[in-house]
A.B. asks: 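The following block contains the structure, expressed as structure tokens.
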Amino acid sequence: MKNPIWTRGLRLWVQGLALFALRFVQLRTGFDPDTGLARASAPGLALVILLLLCAASEFYLCTRVPSGKHSYRSFLDTPQGGHLPFLAAGSLLLGAGAVLLPGWGALKIAAAVTGVAAAGGILLFVRSLRSGEETKPFQLLPAMFFSAVFVLVIYLPEDHDPVLERYYLPVLAAGLIACAFYQLTGLTCREGKSRWFVLFGNMAVVTSIAAAADCVGDLGRLLIYLGSAVLLTAFLLTRREALLPEPEEEA
């Protein structure tokens, strides 16, 4: 039997770290220091090619995941002891990063409030799972709202920047995080699609690690990307080998 820690977790981090290394070099060699314009960059080209290959491979692997809408407990197992430290660490990183985002504008305040609520909601959700309670979406809604606000935090300062190479990766990662949390929340009320959660979750982990290269001097964003990667990895590791019957299908 394949080791799920490798097939569902570590391989994503290996891909993410490879993209991180390419992005790190691109940011230091792929832009003109005087004009800020992008210039021919082998690491930048390799980054795009590897990112597309990762996306293609994840899309192919997700064809093996059951399609359709499934409930959370049918598709994902209850977090066990080995998952709990990562869920706790990811929640703390997410909440701390939201608080440490620079600025005092309305959007940053909204991000801080929803980020702290998201961290607490995820911990409460895990606690309710382990106590056997019925899954409900309200505990994960703050994470879904925060991820949407985070997309705006990342994108709005860059929406007039003509150099796409400078900001596409952080925006892509933020968007995938939002999609993954949306699908995860949907699973709690049998509205999320299992295959889309795995695809968005996997790609969110990979791109979040890569986007950490863009966070030099911005500890808040760095912690949010890393916290999201840790959280989504932990949830992805709880995927069941086979679906459990849905409640109405039980004899």
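All values below were derived from every heavy atom in this structure, side-chain atoms included, with hydrogens, water molecules and symmetry-related copies excluded. Residue indices begin at 1 and follow the sequence shown.
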A.B. asks: Check the pair Thr78, Thr238 against side-chain contact (heavy atoms from CB on, under 4.5 Å), reporting the backbone distance first and the verdict last.
C.D. replies: CA-CA 7 Å; Thr78 301; Thr238 66; over 6 Å; no

A.B. asks: Count the heavy atoms belonging to other residues, nucleotides or ligands that lie under 6.0 Å from CZ of Phe20, then report whether that count exceeds 12.
C.D. replies: yes

A.B. asks: Within the side chain of Lys193, is there an N or O that forms a donor-acceptor pair under 3.5 Å with the backbone of Gln183?
C.D. replies: no

A.B. asks: Does the side chain of Thr188 come within less than 4.5 Å of Lys136's, by heavy atoms?
C.D. replies: no

A.B. asks: Does Arg28 make a cation-pi contact with Phe24 (under 6.0 Å, within 45 degrees of the axis)?
C.D. replies: yes

A.B. asks: Between Leu187 and His70, which heavy-atom pair has the shortest distance, and what is it?
C.D. replies: CD2-O, 3.2 Å

A.B. asks: For Phe31, does the CZ atom sit with more than 12 other heavy atoms under 6.0 Å from it, leaving out its own atoms?
C.D. replies: yes

A.B. asks: Holding to ring pair (Phe, Tyr, Trp, His ring centres under 6.0 Å), I want the full list of residues that pass it with Tyr72, two or more places apart in sequence or in another chain.
C.D. replies: Phe125

A.B. asks: Less than 4.0 angstrom from a charged side-chain N to a carboxylate O is my criterion; do Arg39 and Glu165 meet it?
C.D. replies: no

A.B. asks: Any side-chain to backbone donor/acceptor pair from Arg23 onto Ala212? Under 3.5 Å, distance only.
C.D. replies: no

A.B. asks: Is the count of non-hydrogen atoms from other residues, nucleotides or ligands lying under 6.0 Å from Trp13 atom CH2 greater than 12?
C.D. replies: yes

A.B. asks: Would you check if the distance from the ring center of Phe150 to the ring center of Tyr225 is below 6.0 Å?
C.D. replies: yes

A.B. asks: Please lay out, stage by stage, how Val205 and Glu58 fare under the test side-chain contact (heavy atoms from CB on, under 4.5 Å).
C.D. replies: CA-CA 12 Å; Val205 171; Glu58 293 303 329; over 6 Å; no

A.B. asks: Quick check: does any side chain N or O of Arg130 sit under 3.5 Å from a backbone N or O of Pro79, one acting as donor and the other as acceptor?
C.D. replies: yes

A.B. asks: Please report the closest heavy-atom contact between Leu141 and Thr185, naming both atoms and the distance.
C.D. replies: CD2-CG2, 3.9 Å

